[in-house]
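Data block below; observations after.
As a basis for the values below, the full set of heavy atoms in this structure was taken, side chains included, without hydrogen atoms, waters or symmetry mates. Predicted model only: the values in this text are computed from it and were never measured. Counting starts at 1 for both ligands and their atoms, following the listed order.
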Amino acid sequence: MKRLFPLLLLTIIMLACGGGEETTSEAPGETPAVAAAQDIDVKKIWKIRCIACHGLYGDMGTNGAANLQESTKDLAYRVNIITNGSENGVMTAFKDILSPEEIEAMAKYTMTFNENL
Ligand code: HEC
């Protein structure tokens, strides 16, 4: 599975360079169970915006990205870091990219990685 990461990364970079907000990268047959209630496709956002550093399972750690499978940070901390970026500037601020609802959904989504162990 790990072997797929370079390929995934490339796809993401290509998507990112496309610049369009409307992408058609949604994997077929995938159920966004976590965000179903609010109609936000967290897995899609994850793959477009977050996977390059955090990896598909949250534990890749590119550029020193926090291991989300082991993170014990609370929801407020996560919402803040996604909104404003990390203090060391490595993690991008997403406040101009994602809506507050999307940011909260993503923060909650990052709390599910430790359940997949
Ligand atoms: C450019 C690389 C990069 C991208 C892209 C990125 N992150 Fe991060 N992320 C980091 C780094 C580095 C840290 C650790 C920052 C620190 O502790 O100072 C981090 C920390 C976090 C944390 C805090 C976890 C903890 O225990 O400290 C959360 C939650 C998080 N990221 C979620 C996301 C989400 C959601 C996205 C996509 C919307 C995302 N990240 C995109 C690099 C990235």
Side-chain angles (χ1 to χ4, degrees):
M1 194 58 198
K2 297 243 171 205
R3 265 167 229 261
L4 282 172
F5 279 137
L7 202 69
L8 274 169
L9 262 177
L10 204 70
T11 315
I12 286 147
I13 289 162
M14 278 157 58
L15 280 171
C17 293
E21 287 300 300
E22 301 297 322
T23 58
T24 50
S25 68
E26 200 163 8
E30 213 167 320
T31 335
V34 181
Q38 29 194 334
D39 216 30
I40 295 170
D41 192 341
V42 288
K43 288 188 179 173
K44 182 172 169 183
I45 296 175
W46 182 260
K47 285 176 190 162
I48 297 172
R49 308 287 182 194
C50 321
I51 206 173
C53 295
H54 290 285
L56 187 58
Y57 306 107
D59 64 341
M60 194 162 72
T62 310
N63 298 322
N67 184 336
L68 297 172
Q69 289 181 4
E70 290 171 357
S71 176
T72 53
K73 296 288 199 280
D74 63 14
L75 186 62
Y77 180 92
R78 291 173 198 240
V79 167
N80 180 57
I81 198 169
I82 298 167
T83 306
N84 300 311
S86 61
E87 270 171 39
N88 62 13
V90 178
M91 182 167 153
T92 340
F94 286 93
K95 60 173 179 289
D96 297 329
I97 298 170
L98 302 172
S99 70
E101 292 76 24
E102 286 172 326
I103 287 173
E104 194 182 331
M106 292 313 292
K108 286 180 182 157
Y109 180 58
T110 63
M111 299 183 99
T112 67
F113 283 109
N114 59 1
E115 293 164 11
N116 300 329
L117 292 180

Are any of the heavy atoms in Tyr109 under 4.0 Å away from ligand 1? no
Identity and separation of the nearest protein heavy atom to atom 29 (C) of ligand 1: Arg78 CG, 3.5 Å
Near atom 8 (Fe) of ligand 1 (under 2.8 Å) - protein N, O or S atoms: His54 NE2, Met91 SD
Provide the number and element of each atom of ligand 1 under 4.0 Å from a heavy atom of Thr110. 29 (C), 32 (C), 35 (C)
Shortest non-hydrogen contact from Leu98 toward Met106: CD1-CG, 4.3 Å
Show which atoms of ligand 1 fall inside a sub-4.0 Å distance from at least one heavy-atom site of Asn88. 18 (O)
Nearest non-hydrogen protein atom to atom 5 (C) of ligand 1, with distance, is Arg49 O, 3.3 Å
Given Ile40 and Glu101, is the side-chain contact (heavy atoms from CB on, under 4.5 Å) satisfied, shown in steps? CA-CA 8 Å; Ile40 295 170; Glu101 292 76 24; 3.9 Å; yes
Is there a donor-acceptor pair under 3.5 Å between the side chain of Asn88 and the backbone N or O of Val90? yes
Under the criterion side-chain contact (heavy atoms from CB on, under 4.5 Å), I'd like the reasoning laid out for Lys43 against Ile45: C-alpha separation, chi angles, the key distance, then a yes or no. CA-CA 5 Å; Lys43 288 188 179 173; Ile45 296 175; over 6 Å; no
Look at the aromatic rings of Trp46 and Tyr109 and report parallel, tilted or perpendicular, splitting at 30° and 60°. perpendicular
Would you name the heavy atoms of Cys53 and Ala65 that are closest together and state the gap between them? O-CB, 3.5 Å
Within 4.0 Å of some non-hydrogen atom of Asn63, the atoms of ligand 1 are 12 (C)
Please lay out, stage by stage, how Asn67 and Met60 fare under the test side-chain contact (heavy atoms from CB on, under 4.5 Å). CA-CA 7 Å; Asn67 184 336; Met60 194 162 72; over 6 Å; no
Quick one: does Met91's side chain get under 4.5 Å of His54's, heavy atoms only? yes
The atoms of ligand 1 lying under 4.0 Å from a heavy atom of Gly64, numbered in the order shown, are 12 (C)
Among all the protein's non-hydrogen atoms, which is closest to atom 26 (O) of ligand 1, and how far away is it? Ser71 OG, 2.5 Å
Looking only at non-hydrogen atoms, which of Trp46, Tyr77, Phe113 approaches atom 17 (O) of ligand 1 most closely? Tyr77
Contact with ligand 1 for Glu87, non-hydrogen, under 4.0 angstrom: no
So which heavy atom on Met111 is nearest to which on Leu75, and how close? CE-N, 3.8 Å
Can I get a per-line list of side-chain donor-acceptor pairs under 3.5 Å for residues 78-85, giving both atom names and the distance, sequence neighbours left out?
| residue | atom | partner | partner atom | Å |
| --- | --- | --- | --- | --- |
| Arg78 | NE | Lys73 | O | 2.8 |
| Arg78 | NH1 | Thr110 | O | 3.1 |
| Arg78 | NH1 | Thr110 | OG1 | 3.1 |
| Arg78 | NH2 | Ser71 | O | 3.4 |
| Arg78 | NH2 | Ser71 | OG | 3.1 |
| Arg78 | NH2 | Lys73 | O | 3.0 |
| Asn80 | OD1 | Asn84 | ND2 | 2.6 |
| Thr83 | OG1 | Val79 | O | 2.6 |

State if Ala52 counts as touching ligand 1 under the rule of any non-hydrogen atom under 4.0 Å. no
